[in-house]
Amino acid sequence: MTNNTNSGGPGFEHNQEPATQNNPKNNIRDTDKPIYKEPNIPAPLLSPYNPALSEPVAISINEKSGLANPDKCIELGLTSTDAPHYSIVLPPPNVTGTLHLGHGLMATLQDISIRFERMRGKQALWIPGTDHAAIATQSKVEKDISKKEGKSRYDLGRDEMLKRIDAFATESHDTIVTQIKRMGASLDWSREAFTLDEARNKAVRTVFKKMYDDGLIYQGSRIVNWDPKGQTTISDDEIVHEERKAKLYTFKYSKDFPISISTTRPETKVGDTAVAVHPEDERYAEYVGKTYDLDFCGSKISVKIIADHAVEKDFGTGALGVTPAHSMVDWEMSRRHDLPVVQVIDEKARMIVSQDSPLYDKEKNIGMKTTDAREKVVEWLREQGLLEKEEDIIQRIGTAERTGGIIEPLPKKQWWVAVTKPFTIKHSNISGVQSGQQTTLKEIMQKAVSEGQIAIMPEHYNKTYFHWIDNLNDWCISRQIWYGHRIPVWYKMGSSDQSSGAISSSAKSEVYCDVLSPTEAGLPDADMYVQDEDTLDTWFSSGLWTFSTLGWPDNIDAKTGETMAGSDLSRFHPTNLLITGPDILFFWVARMILMTGYALGEIPFSKVYLNGIVRDIKGQKMSKSLGNGGDPVEISEKYGADALRMFYAMSTAPGTDSRLDENKIKGFKHFANKIWNIVRFVLTATENHTYDKSFSGWTEKDSVLRAERDDIFKAVTREIEESKYHLASEKVYQYTWSTLADVILEDSKFVFAGNDEEAKLSRAKFLLETIRLITIVAHPFMPHVTEEVWSLLTTGKSLIERVQNDTSHATINPSDLLMAQKWPF
RNA sequence: GGGCGAUUAGCUCAGUUGGUAGAGCAACACAUUUACACUGUGAAGGUCACAGGUUCGAGUCCUGUAUCGCCCACCA
């Protein structure tokens, strides 16, 4: 059990022979003679410390102890129901594969915090879980299936496709859990959640229904970001702009048309309904208000000349062909000027034109692809002598983050969350937002941070946050994919067009939205209802994470609307700390603030710590495509999870990027060994003495040493509280190595060699006290080596020895573990 | 176009009430059966990007410049 993880992987290069690894007693460099002169060093104290051997044992013992569950800690008397609560939710990793070294950073910092607070006697809860990551996961599986079987999701059908995705997600989940556990994360697995499981689905439906009833969720036709590759809508935040070369064409629609326009997309011009010029542009003033009926490349179009401030006078000809159906800007202009919307491109990025149009592919009997149509239109313009200019420009083009498809703006009917629409909030604990008063979701997001209830670290991200909120538009929450929470809306057949894709003018009666489906609710004509095909944006469900994981809405009394006393929700919400990456500040952090504020009238957490990005040694961002992601398990096997954790803690200030340097990690492996050897020295040098809490015969010198030491550990305590893990860990490191080992231990050799018995006694007591304290204070950072050392200090035996004939760890009393000890400062 | 951040030793980075510049790694010299070679000691290494300003005093505060990075945005 303890060493099945290192069966000779490529990264596993220890100086010991594999054959001797199972037995610490054989772990001696020179086979003939023992290297230690002292005859009575206990076997578990042999050197060097071997994390690959010790860590899996410590992890197993920590996990089986159940101490990560605050209820167990209450049961054991380590904390009580009166004690303050401290809770963190693990940002759920996507089930799209495996964790990389960036995840390790977040997990480490959270674990430091939770272990620290647990040792301080709080009811500490850290909740694990994973995220279904809708589009990301589906497109990953789609890609795999397409590659291996040459099939699309439509070939498989919705049910079969979902089965395949579930299978992949399960496998991915299991890998991720193994990885997280190997880092020594003390999560309460009994409360594990998944963003797409049944309990979370209930939370999603409940919030959806509430928002729907409050008029905050609405269905509307708008220009959406359509990803032709993924065949779905995506939100503004999921777009990545890329610079590409493009050609800018300048031309007139026809010989009689008075104004030349410029565009990079001539094929969309068959959908133009206006030409816009700047209101103060004298060149075109005389034409404003006139309408021209034209024949453009086989399509009849009607173009009105309008004046609008959105037009830049000095760009191109200063005139813009307005295509309301296929451009965001143009759409908004069309609303201002009441222009008709003509859709000429479909979901597959093909032209919607009549069969006699030159842009119609007569062989395939379908509209041409937009790229082909573009060439065709340019060709036509040339033939007609309308093309005036053709120039190369660099264009910033929107692409889908997940699939890489080029975004095609299309008018579609989608579900939206209105962020500026006023509603009455029944109950609010958010400062600046009063119970029973009107507010907006945007205001909730603003006030929660601006009133100081939520602190963002580092502070300068406040500005980024507010800037985003100020420019926030309604949130498009529907996705045309299959993997995710299906929209809890049903249409009665015959009365409505249930496809959300098409703009339908049919009357929309008999729309049913509720937590329970018509069948579950027992509607008499339940079988006549058909559920909306679309699923929800993955961030809709992860936005509920802090409270959906704590039993909402089941922990709410249906009659009073109050949170039930003693429930997880009442005990652990709001959570205390969120540690995550700044890249999901908008996606996730802001959405959690929105959702929690709306559903509970609460903040989701009081502190947000945004960690930097872990880069590779060259400074490149870790990514799967570059293959430089790195596996935290591999590093842990090689150097120890403690070493990796110490690296994370010490090399990363909040919000600043760090580079993963194996050399440094190796240095922290040495540090674990240093702790180990300090303990060996102290235990052998103080053989005749025992730890004595009430000892008071300190020499003057040792009193000073004690005071210095305590000052440093008090500072460490303060810095962990303030989430300054880099400062706290550095102090532990510096004190242990440079002060204790290099100065005090060396000095102690003289003390022990001398004949001042009083000084010897005092020093021995000091050292025994100090190694206990260091072990405790270092535990949140390096839980494994410290747990192992603690075992030696308290029982005289190593953990390995203690569980050798006890695989169920029945002989280990959880309360005796270091993890359960009281923080002394 | 707007916003945010960074610039400190060869490398990677710390350094918040403004008070004599720090760590790890690398490199150099020395020590060598020592708790630990996964070691110790010592020395070396910086005009804290640049230019101004405030101050008795600025890596730290203010203004501007340069370079790099990130985020947002509707130049067709």
If the C1' atom of B:C56 is compared with that of B:C70, how far apart are they to the nearest Å?
40 Å
Provide the distance between the two C1' atoms, one in B:G24 and one in B:A9, to the nearest whole Å.
12 Å
Hey, what's the ring geometry for A:Phe713 with A:Tyr735, parallel, tilted or perpendicular (30° and 60° as the breaks)?
perpendicular
B:G22 versus B:C48 - spacing of their P atoms, nearest Å:
14 Å
Out of B:C36, B:G24, B:A35, whichever nucleotide has its closest atom nearest the side chain of A:Lys664
B:G24
Please classify the nucleic acid contact of A:Thr323 as base, sugar-phosphate, or nothing, using heavy-atom distances under 4.0 Å.
nothing
Please pick, from B:G24, B:G5, B:C38, the nucleotide with the shortest atom-to-atom distance to any side-chain atom of A:His460.
B:G5
Atom C1', compared across B:A76 and B:U7: separation rounded to whole Å:
38 Å
Please verify the inter-ring angle class for A:Trp737 with A:Tyr733; under 30° counts as parallel, over 60° as perpendicular, anything in between as tilted.
tilted
Residue matched to B:A14 through Watson-Crick or wobble contacts both under 3.5 angstrom
none
Would you mind reading off the distance between A:Phe586 atom CZ and B:G3 atom P, rounded to a whole angstrom?
15 Å
To the nearest angstrom, how far is A:Gln734 atom CD from B:A23 atom P?
7 Å
Measure OH/A:Tyr49 against C1'/B:C38 and give the value in whole Å, please.
13 Å
Can you tell me the distance, in whole Å, between the NE2 atom of A:His309 and the P atom of B:G1?
22 Å
Rounding to a whole Å, what distance do you find between A:Met650:CE and B:C13:C1'?
10 Å
My understanding is that a pair needs two contacts under 3.5 Å, Watson-Crick or G-U wobble. By that rule, which nucleotide pairs with B:C4?
B:G69
Searching all strands shown, indicate the nucleotide that pairs with B:U20 (Watson-Crick or G-U wobble; both distances under 3.5 Å).
none
Would you say NZ of A:Lys313 has more than 12 non-hydrogen atoms from neighbouring residues, nucleotides or ligands within 6.0 angstrom?
yes
Please measure how far the P atom in B:G69 lies from the corresponding atom in B:U8, and state the result in whole Å.
15 Å
What is the base-pairing partner of B:G42, counting Watson-Crick and G-U wobble geometry with both distances under 3.5 Å?
B:C28
In the strands shown, is B:G52 matched to any nucleotide by a Watson-Crick or G-U wobble pair with both distances under 3.5 Å, and which?
B:C62
Report, as yes or no, whether the 6.0 Å neighbourhood of atom NZ on A:Lys252 holds more than 12 heavy atoms from other residues, nucleotides or ligands.
yes
Could you check if a side-chain atom of A:Leu410 sits within less than 4.5 angstrom of a side-chain atom of A:His326, using non-hydrogen atoms only?
yes
Can you tell me how far P of B:C38 sits from NZ of A:Lys666, to the nearest Å?
9 Å
Roughly how many Å apart are B:U20 and B:G2, using the P atom of each and rounding to a whole number?
40 Å
Each nucleotide N or O in nucleotides 40-43 of chain B that has a protein N or O under 3.5 Å away: list the pair and distance.
{"residue": "B:G40", "atom": "OP1", "partner": "A:Lys674", "partner atom": "NZ", "Å": "3.2"}
{"residue": "B:G40", "atom": "OP1", "partner": "A:Trp737", "partner atom": "NE1", "Å": "2.3"}
{"residue": "B:G40", "atom": "OP1", "partner": "A:Asp742", "partner atom": "OD1", "Å": "3.4"}

Under 3.5 Å, which N/O atoms of the protein pair with N/O atoms of nucleotides 74-76 of chain B?
{"residue": "B:A76", "atom": "O2'", "partner": "A:Ser262", "partner atom": "O", "Å": "3.4"}
{"residue": "B:A76", "atom": "N6", "partner": "A:Glu312", "partner atom": "O", "Å": "2.8"}
{"residue": "B:A76", "atom": "N6", "partner": "A:Phe315", "partner atom": "O", "Å": "3.1"}
{"residue": "B:A76", "atom": "N1", "partner": "A:Glu312", "partner atom": "N", "Å": "3.3"}

Winner on side-chain proximity to A:Lys749, out of B:G24, B:A35, B:A14, is B:A35
Tell me if a side-chain donor or acceptor on A:Ser729 pairs with a main-chain N or O of A:His726 at a distance below 3.5 Å.
yes
Between P of B:C25 and CD of A:Glu730, the distance in whole Å:
12 Å
For the residue pair A:Trp468 and A:Phe586, categorise the inter-ring angle as parallel (less than 30°), tilted (30 to 60°) or perpendicular (more than 60°).
parallel
What's the gap between B:G57 and B:G45 when it is taken at their C1' atoms, as a whole Å value?
26 Å
What contact category does A:Leu727 fall into here, base, sugar-phosphate, or nothing, at under 4.0 angstrom with non-hydrogen atoms?
sugar-phosphate
What integer distance in Å separates A:Glu687:CD from B:A35:C1'?
13 Å
Distance flag, aromatic centroids of A:Tyr292 and A:Tyr287, threshold under 6.0 Å:
no
Which part of the nucleic acid, if any, lies within reach of A:Asn663 when heavy atoms closer than 4.0 Å are counted: base, sugar-phosphate only, or nothing?
sugar-phosphate
Using modelled atom types and a 3.5 Å cut-off, is there a donor and acceptor pairing between side-chain atoms of A:Ser54 and backbone atoms of A:Pro51?
no
Using a 3.5 Å distance criterion without hydrogens, assess whether the side chain of A:Asp392 forms a donor-acceptor pair with backbone atoms of A:Lys247.
no
Could you say whether A:His726 or A:Arg659 is positioned toward the 5' end of RNA chain B, judged by the nucleotide with the nearest heavy atom to each?
A:Arg659
Looking at B:U47, which nucleotide sits across from it as a Watson-Crick or G-U wobble partner, both distances under 3.5 angstrom, or is there none?
none
Phosphate contact (B:G69 OP1 or OP2) by A:Thr656 side-chain N/O below 4.0 Å
no
Considering residues, nucleotides and ligands other than A:Arg718, do more than 12 of their heavy atoms fall under 6.0 Å from its CZ?
no
Could you go step by step and tell me if A:Phe668 and A:Tyr639 meet the ring-ring contact (aromatic ring centres under 6.0 Å, His included) rule?
CA-CA 8 Å; A:Phe668 293 120; A:Tyr639 302 106; over 10 Å; no
Map A:Lys463 and A:Lys724 onto RNA chain B by nearest heavy atom, then report which one ends up closer to the 5' terminus.
A:Lys463
C1'-based separation of B:C38 from B:A43 [nearest Å]
24 Å
